[in-house]
Amino acid sequence: MTRIATWNVNSLRVRLPQVLAWLKADSADLLAVQETKVEDEGFPRSEIEAAGYHVLYCGEKTYNGVALISRTPVTDPCFELDPADPQRRFLAATLGGVRIINVYVPNGSEVGSEKYTYKLRWLEHLGRYLMSARVRYKHVIVLGDFNIAPEDRDVHDPATWFGSVLVSEPEREAFRCLLQAGFVDLFRIFCADGGCFSWWDYRAGAFRRNLGLRIDHILATETVAACCRRCYIDPAPRGNTRPSDHAPVVAEFDGLAMLGA
DNA sequence: ATGGTAGTGTAACTA
């Protein structure tokens, strides 16, 4: 069994003890991390290696930053989606026979803003990249913080959120475009329910009241999806003292190693 | 019309 997960940690320096504890308890084989908020020079590499993991990272000061933490080393790393974009939001590598693509999609700030336009352009770019990645690698998992709640059942209060950033129709259309590149939302194979969220605002007791959104996703090509036995959100770390505002999303696979053979 | 909280870094931004 292979367990692959994604978690926006909102500062890896602050959350490192929680991340290492979670990895140990949940024995993930690979964890894709977003919002590390640390430059490569200051990355806590030795602490992660001392805990028995390999790690790749691509970060910057204060904002963004992604990493791949794994039990066994990954190969063939790629650190950028667009060489012209200085924001560190992308990290890809191969684990066994599967290409792993870790993304921190821009938040978009507000519909109609410059950041929103940047988000839609970034998603267009990702869509094109995934089309070619699927041809080149065949078996692909793309996971991370997509900053999009794909449908109303992924939103605690669709009426209040209607048309706003993370939920707006152009963002949802961009998400459907990613799926149309040949990917399956693993969580929705197993669960059709509403009320399942991966992010809750720090404010107004949102987690306690389960006022959240499902914006962190694990997508996979169909042969990989066929190996998936379970995909779930682990809300427990969101209840920690000094938590990230996101919860980890986990996918479990049988026979994933066979795909590369 | 934009509270409420958290991280970075020490004011104001991003989420």
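Throughout, protein chains are lettered first and strands after them, A, B, ... in sequence-line order, and every chain is numbered starting at 1. What you see below is based on every heavy atom in this structure, not just the backbone, and it leaves out hydrogens, waters and symmetry mates.
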### Message
Set out, in order, the CA-CA distance, both residues' side-chain angles and the distance that settles side-chain contact (heavy atoms from CB on, under 4.5 Å) for A:Leu179 and A:Leu219, then state yes or no.
### Response
CA-CA 8 Å; A:Leu179 297 181; A:Leu219 314 184; 4.0 Å; yes
### Task
Starting from the C-alpha separation in whole Å, work towards a yes-or-no answer on side-chain contact (heavy atoms from CB on, under 4.5 Å) for A:Trp122 and A:Gln87.
CA-CA 11 Å; A:Trp122 202 95; A:Gln87 299 192 22; over 6 Å; no
### Task
Please report the C-alpha distance between A:Ser27 and A:Arg3 in whole Å, then the side-chain angles of each, then the deciding distance to 0.1 Å, and finally whether the side chain to side chain donor-acceptor pair (under 3.5 Å) criterion is met.
CA-CA 8 Å; A:Ser27 61; A:Arg3 188 179 274 116; 3.1 Å; yes
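A:Tyr232 belongs to a hydrophobic cluster whose remaining members, ordered by chain and number, are A:Trp7, A:Val9, A:Leu12, A:Leu16, A:Val19, A:Leu20, A:Trp22, A:Leu23, A:Leu31, A:Val33, A:Val38, A:Phe43, A:Ile48, A:Tyr53, A:Val55, A:Tyr57, A:Ile69, A:Val250; membership requires side-chain heavy atoms of ILVMFWY residues under 4.5 Å apart, directly or through intermediates. With a 4.5 Å cut-off between side-chain heavy atoms of Ile, Leu, Val, Met, Phe, Trp and Tyr, the cluster of A:Val14 takes in none.
Taking atom NE2 of A:His246 as the reference point, atom C1' of B:dT14 lies 12 Å away to the nearest angstrom. Taking atom NZ of residue A:Lys115 and atom C1' of nucleotide B:dC13, one finds them 8 Å apart after rounding to whole Å. For the pair A:Glu114 CD and B:dT14 P, the interatomic distance rounds to 11 Å; values are reported in whole Å. Across the protein-nucleic acid pair, A:Asn107 atom CG and B:dC13 atom P stand 16 Å apart, rounded to whole Å. Rounded to a whole Å, the CZ atom of A:Phe146 is 17 Å from the P atom of B:dA15.
Between B:dG9 and B:dT14, the two C1' atoms lie 13 Å apart (nearest whole Å). Taking atom P on both nucleotides, B:dG4 is separated from B:dT8 by 22 Å, rounded to a whole Å. Taking atom P on both B:dA12 and B:dG3, the two are 15 Å apart, rounded to the nearest angstrom. Distance noted for atom P between B:dG7 and B:dT2: 26 Å (whole Å). Rounded to whole Å, the C1' atom of B:dA6 lies 16 Å from the corresponding atom of B:dA11.
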## Note on the structure
Under a 4.0 Å heavy-atom criterion, the protein footprint on nucleotides 1-9 of chain B, written with B, S and -, is ---BBSSSS
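Salt bridge annotation for A:Lys61-A:Glu41: absent, with no cationic side-chain nitrogen under 4.0 angstrom from a carboxylate oxygen. A salt bridge links A:Asp152 with A:Arg172: the closest approach of a Lys/Arg side-chain nitrogen to an acidic carboxylate oxygen falls below 4.0 angstrom.
Within 4.0 Å (heavy atoms only), A:Tyr104 reaches sugar-phosphate atoms of the nucleic acid but no base atom.
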